[in-house]
Visitor: 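One structure, as structure tokens, below. Some questions next.
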2 protein chains.
Amino acid sequence: MIVEAKMTYRFSKQREAVMAVLDKKNYHPTVDEIYDMVKKQYAQVSLATIYRNVEQLSQMGKIWKIEIPEGPARYDGNMEKHYHIRCTKCGNVNDVWFKGNMNKIINLKNIEKKFSITGYRIEFEGICDSCNNKTH
Amino acid sequence: MIVEAKMTYRFSKQREAVMAVLDKKNYHPTVDEIYDMVKKQYAQVSLATIYRNVEQLSQMGKIWKIEIPEGPARYDGNMEKHYHIRCTKCGNVNDVWFKGNMNKIINLKNIEKKFSITGYRIEFEGICDSCNNKTH
DNA sequence: TTACCTGCAAACCGTTTGCCTAGCA
DNA sequence: TGCTAGGCAAACGGTTTGCAGGTAA
């Protein structure tokens, strides 16, 4: 028998600092990058604390975890519905604001149902401006 | 200046065995699972060999690597164009045969262009039959 | 005063690499 | 004979965990 763990959150200055780092549009730092930022304010902070806090914050629905295949996850403090595009050269992630309702466009009813489909994950790929403009 | 490395492949029974494992429809094993299969035939085979071979085969365009967020990659020997759905309970991956042209449905022209978009990755999520039917 | 939260270090897991031998072409 | 592929073990990168002390409520 599984017993739901009761979980209460309490304030911590470190978690506030993580939130503050993520309070910026079109910014999708990795844990390491968040760590470096938070360290400026709390030199003693540990990497594990950052990991624990981003996990908690994303479970609380306050931030969004962006899974990156073959690389560190990135986090996004902007909870408005949008998508992401990743530069296949430098790895940077940018916001994609799709005009229209993606749920209408990807009509799950058109897909064969041996599963009950609960969602989808879509991620765009491309080359960003700064990589495009680089001579090499 | 970057010099393209010249690469020639040569036959190996281990790589044949990996291909043989993947020659089955709607089967998406991890490296560990492939390893276990190949070991039945070649007890001495090493995990590194499986990794090197799946990497090579997918570069040769003979198999497809399915990136799984937070988990081991899976491989698919079926190169016909299709999509995947992953059970969020048990992690199993199944094929999704989408009726229609996904490229028409996801019209990249509708998306703002600060990037040059080269592609997208879409992965469905759901609960598979066997997980649905499990009492718990 | 209770439990959550922290810092530290060690462990973890999937994957890659260095080294040296085996074996295809 | 030259160069790719293999086996083994160690290293790697991102992430999680155990523990003991710190701190919010």
Side-chain angles (χ1 to χ4, degrees), chain A residues 3-21 28-60 62-75 86 90-91 93, chain B residues 3-21 28-60 62-76 86 91 93:
Chain A
V3 178
E4 277 290 311
K6 180 178 157 192
M7 196 49 172
T8 53
Y9 299 116
R10 55 179 67 160
F11 173 88
S12 96
K13 59 193 188 187
Q14 290 89 340
R15 193 182 309 133
E16 286 290 283
V18 170
M19 274 303 288
V21 168
H28 315 92
T30 61
V31 162
D32 276 353
E33 287 161 357
I34 299 171
Y35 179 48
D36 287 342
M37 296 295 284
V38 174
K39 253 197 307 200
K40 288 178 185 167
Q41 204 178 345
Y42 302 104
Q44 292 311 310
V45 76
S46 105
L47 238 200
T49 295
I50 309 294
Y51 273 105
R52 284 191 271 237
N53 278 319
V54 292
E55 172 64 20
Q56 221 175 88
L57 288 166
S58 86
Q59 286 194 354
M60 294 162 80
K62 295 197 164 185
I63 67 174
W64 186 358
K65 180 176 192 174
I66 312 171
E67 323 269 13
I68 307 287
E70 339 250 279
R74 291 173 173 273
Y75 294 86
R86 186 169 44 88
C90 67
V93 170
Chain B
V3 179
E4 278 293 312
K6 180 176 157 192
M7 196 51 172
T8 53
Y9 298 114
R10 54 180 68 161
F11 172 88
S12 96
K13 59 192 186 187
Q14 291 91 336
R15 193 182 310 132
E16 287 291 283
V18 170
M19 275 303 289
V21 168
H28 315 92
T30 62
V31 162
D32 275 353
E33 287 162 355
I34 299 169
Y35 179 47
D36 287 342
M37 295 296 284
V38 173
K39 253 197 308 200
K40 288 177 185 168
Q41 204 178 345
Y42 301 104
Q44 292 312 311
V45 76
S46 107
L47 239 199
T49 295
I50 310 294
Y51 274 104
R52 282 191 271 239
N53 277 319
V54 291
E55 171 64 20
Q56 219 175 91
L57 288 165
S58 85
Q59 285 193 355
M60 293 160 81
K62 296 199 164 184
I63 68 175
W64 185 359
K65 179 176 191 173
I66 311 171
E67 323 268 13
I68 307 286
E70 339 251 279
R74 290 172 174 276
Y75 294 85
D76 188 344
R86 186 169 44 88
V93 170

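Chain letters run A, B, ... following the sequence lines, proteins first, then strands; residues in each count from 1.
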Visitor: Rounded to the nearest Å, what distance is computed from the CZ atom of residue Arg52(B) to the P atom of nucleotide dG14(C)?
Guide: 19 Å
Visitor: Both Tyr51(A) and Lys13(A) contact DNA chain D. Which one's nearest nucleotide lies toward the 5' end?
Guide: Tyr51(A)
Visitor: Should the pair Lys39(B) and Tyr35(B) be classed as cation-pi, given the thresholds of under 6.0 Å to the six-membered ring centre and 45° from the axis?
Guide: yes
Visitor: Name the residue closer to the 5' end of DNA chain C, choosing between Leu47(B) and Ser12(A) according to the nucleotide with the nearest heavy atom.
Guide: Ser12(A)
Visitor: How many whole angstroms separate atom CD of Gln44(A) from atom P of dT23(D)?
Guide: 12 Å
Visitor: Are Glu33(B) and Asp36(B) close enough, and set up right, to give a side chain to side chain contact (heavy atoms under 4.5 Å, CB included), and what steps lead you there?
Guide: CA-CA 5 Å; Glu33(B) 287 162 355; Asp36(B) 287 342; 5.6 Å; no
Visitor: Restricting to non-hydrogen atoms, name the atom on Ile63(A) and the atom on Val54(A) that form the minimum distance, rounded to 0.1 Å.
Guide: CD1-O, 3.6 Å
Visitor: For Ile50(B) and dG14(C), give me the distance from atom CD1 to atom C1', rounded to whole Å.
Guide: 15 Å
Visitor: Phe11(A) near the nucleic acid: base, sugar-phosphate alone, or nothing, with a heavy-atom cut-off under 4.0 Å?
Guide: sugar-phosphate
Visitor: Using a heavy-atom cut-off of 4.0 Å across all strands, would you classify Arg15(B) as base, sugar-phosphate, or nothing?
Guide: sugar-phosphate
Visitor: Can you tell me how far P of dT6(C) sits from NZ of Lys39(A), to the nearest Å?
Guide: 16 Å
Visitor: Report the distance from atom OH of Tyr35(A) to atom P of dT6(C), rounded to the nearest whole Å.
Guide: 14 Å
Visitor: Counting N and O atoms only, with roles assigned by atom type, does the side chain of His28(A) sit under 3.5 Å from a partner on the main chain of Arg74(A), one being a donor and the other an acceptor?
Guide: no
Visitor: What integer distance in Å separates Leu57(B):CG from dT4(D):P?
Guide: 17 Å
Visitor: Which part of the nucleic acid does Ala48(B) contact within heavy-atom distance under 4.0 Å: base, sugar-phosphate only, or nothing?
Guide: base
Visitor: Look at the side chain of Gln56(B) and decide which nucleotide, out of dG14(C), dA5(D), dG18(D), has an atom nearest to it.
Guide: dA5(D)
Visitor: For Glu55(B), which contact category applies under a 4.0 Å heavy-atom criterion: base, sugar-phosphate, or nothing?
Guide: nothing
Visitor: Using whole Å, report how far CD1 of Ile68(A) lies from P of dG13(D).
Guide: 18 Å
Visitor: Please tell me if Ser46(A) has a side-chain N or O lying less than 4.0 Å from either OP1 or OP2 of dT6(C).
Guide: no
Visitor: Would you kindly compare Val31(B) and Arg10(B) by the position of their nearest DNA chain C nucleotide and give the one closer to the 5′ end?
Guide: Val31(B)
Visitor: At 4.0 Å (heavy atoms only), tell me whether Glu70(B) reaches a base, stays on the sugar-phosphate, or touches nothing.
Guide: nothing
Visitor: May I have the distance from Ile34(B) (atom CD1) to dT15(C) (atom P), rounded to whole angstrom?
Guide: 10 Å
Visitor: Do Ile34(B) and Asn53(B) have side-chain heavy atoms sitting under 4.5 Å apart?
Guide: no
